Amino acid sequence: MAASPSLHTLSAPCAVAVIGAGVSGLACAHELAQEGLSVSLFDKARGPGGRMSSKRRPQATLDLGAQAFTVRDPRFAQAVNEWQLAGCAVLWPTHRYQASSSGWQTHNDDQRRYTGAPRMSAITRHMTEALSALPGVNMAFETPIVALTKGEAGWLLTDQHGATHGPFAAVVVSAPPPQAYSLIADWDDALAAACQAAPQRGCWAGWAIFAQPLPPIEGVVPNWHTVETGHEALRLATRNSSKPGREEQPESLSLLAQLDWSDDHIELASDDAAQQLLDAFTSLFPEGTTLPELIDLGAHRWRYAQPANAGRQSYLYSEQGLALCGDSFRGSRVEDAWLSGYELAQALLGRSV
Ligand SMILES: Cc1cc2nc3c(=O)[nH]c(=O)nc-3n(C[C@H](O)[C@H](O)[C@H](O)COP(=O)(O)OP(=O)(O)OC[C@H]3O[C@@H](n4cnc5c(N)ncnc54)[C@H](O)[C@@H]3O)c2cc1C
């Protein structure tokens with residue numbers, strides 16, 4: 001779905017900057033580099049992944065953003081198939097439950113879901129490796145871009161360390177809209193307005209690691225994978241130790257908060273958020289149940305976890321060579337993010353999608 005008017009389409013050997021090495025930025029960068037464009041990818045984090053990143057603790061690795069994703073579009077299905085063949089995407093979860101005041105009920109549907117193996121960030125790591133194998137690709141991590149300027153030869157990027165990168169014929173910003181806004185606001189009113197019209201919701205993502213497996217629950221398979229809850233604070237608990245490739249690690253939960261609760265508690269200290277999410281999880285067990293010894297507990301605050309409203313556009317661009325992609329303009333899922341980056345690249349290359 002095209003979103004914006006004319007852009008001079010790009011062809012080799014044009015130089016393009018992509019800000020953000022989440023799944024959308026990586027998908028876009030790969031399509032452009034495959035056509036021979038010179039692509040420079042920047043991310044402020046230490047590695048790729050964004051909201052598909054995983055946290056390594058001494059005892060276990062935990063996914064703190066997306067836990068699993070679905071596949072509907074045939075183009076994304078093709079990418080996931082390639083990830084499966086590479087061994088970094090696997091089917092999971094299968095034992096899904098819903099916990100309510102009447103207990104735990106199975107919560108399965110016909111939808112196939114995938115996760116990363118041996119961690120969610122293995123997928124974006126694989127995409128990064130594939131991208132870096134293409135000619136003309138440069139990648140810079142731990143490089144937050146703080147400003148864009150337009151010179152006669154094209155766009156220049158300034159990073160937080162004061163270094164300048166470019167010139168580039170086009171700049172793709174795949175950061176969530178509130179972060180993209182600060183980069184493009186001085187340059188394009190329409191893109192700036194689109195960012196302001198795409199508010200994001202925050203989400204607390206806790207983790208808890210135990211010395212022993214969780215106690216059994218009557219009527220629930222011992223190796224259950226996920227439980228969704230109607231608890232005021234806790235939306236979803238997943239067992240990282242049930243994910244393929246992580247069976248050897250100790251009992252290790254990701255505890256994702258409800259979005260309303262997160263909005264109300266986004267400024268909590270992370271220790272408090274973690275404890276409240278663990279208390280919520282404990283309340284899903286019969287009264288009097290003691291959970292095993294806790295060996296690690298923490299929480300990550302996602303200030304921009306997902307768009308507040310369902311998007312209607314896949315990507316946006318301006319005729320002066322600025323473009324926006326990411327899940328925020330299309331939906332709130334891994335598939336939306338990938339498709340946004342992929343479709344933007346096709347548009348920049350002058351192909352219809
Ligand atoms: C808690 C949580 C649970 C989720 N659960 C699911 C799920 O179950 N299923 C599902 O399909 N999806 C889920 N999602 C959504 C999914 O993770 C996202 O849709 C997808 O990962 C977004 O990818 P993206 O590339 O658009 O953005 P991001 O992954 O956010 O990538 C943007 C990148 O830009 C970088 N960046 C930002 N600003 C700058 C700057 N100035 N300079 C340089 N780099 C910058 C960031 O570091 C980041 O790496 C979940 C997300 C969260 C947070």
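Counting starts at 1 for both ligands and their atoms, in listed order. Note that the structure is predicted; figures quoted are calculated from it, not measured. Throughout, numbering of the chain's residues begins at 1 and tracks the sequence.
- Classified by interplanar angle (parallel below 30°, tilted 30° to 60°, perpendicular above 60°), the ring pair Trp338/Tyr342 is parallel.
- The ring of Tyr97 has its center no closer than 6.0 angstrom to the ring center of Trp224.
- In this structure, Arg235 has no salt bridge (charged side-chain N to carboxylate O under 4.0 Å, His left out) partners at least two apart in sequence or on a different chain.
- In this structure, the side-chain hydrogen bond (donor to acceptor under 3.5 Å, both in side chains) partners of Asp260, at least two apart in sequence or on a different chain, are Arg201.
- The hydrophobic side chain of Tyr304 is isolated, with no ILVMFWY side chain under 4.5 Å apart from it.
- Classified by interplanar angle (parallel below 30°, tilted 30° to 60°, perpendicular above 60°), the ring pair His225/His95 is tilted.
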N or O contacts of ligand 1 with protein under 3.5 Å, please list pair by pair.
from: ligand 1; atom 1: 8 (O); to: Ala68; atom 2: O; distance (Å): 3.1
from: ligand 1; atom 1: 9 (N); to: Ala68; atom 2: O; distance (Å): 2.8
from: ligand 1; atom 1: 11 (O); to: Val334; atom 2: N; distance (Å): 2.8
from: ligand 1; atom 1: 12 (N); to: Val334; atom 2: N; distance (Å): 3.4
from: ligand 1; atom 1: 17 (O); to: Arg51; atom 2: O; distance (Å): 3.2
from: ligand 1; atom 1: 19 (O); to: Asp327; atom 2: OD2; distance (Å): 2.7
from: ligand 1; atom 1: 19 (O); to: Arg333; atom 2: O; distance (Å): 3.3
from: ligand 1; atom 1: 25 (O); to: Val23; atom 2: N; distance (Å): 3.3
from: ligand 1; atom 1: 25 (O); to: Ser24; atom 2: N; distance (Å): 3.0
from: ligand 1; atom 1: 25 (O); to: Ser24; atom 2: OG; distance (Å): 2.7
from: ligand 1; atom 1: 26 (O); to: Ser24; atom 2: OG; distance (Å): 3.3
from: ligand 1; atom 1: 26 (O); to: Asp327; atom 2: N; distance (Å): 3.0
from: ligand 1; atom 1: 27 (O); to: Arg51; atom 2: NH2; distance (Å): 3.0
from: ligand 1; atom 1: 29 (O); to: Arg51; atom 2: N; distance (Å): 2.8
from: ligand 1; atom 1: 30 (O); to: Arg51; atom 2: NE; distance (Å): 2.8
from: ligand 1; atom 1: 30 (O); to: Arg51; atom 2: NH2; distance (Å): 3.2
from: ligand 1; atom 1: 41 (N); to: Ile145; atom 2: O; distance (Å): 3.0
from: ligand 1; atom 1: 42 (N); to: Ile145; atom 2: N; distance (Å): 3.0
from: ligand 1; atom 1: 44 (N); to: Lys44; atom 2: N; distance (Å): 3.1
from: ligand 1; atom 1: 47 (O); to: Asp43; atom 2: OD1; distance (Å): 2.7
from: ligand 1; atom 1: 49 (O); to: Asp43; atom 2: OD1; distance (Å): 3.4
from: ligand 1; atom 1: 49 (O); to: Asp43; atom 2: OD2; distance (Å): 2.6

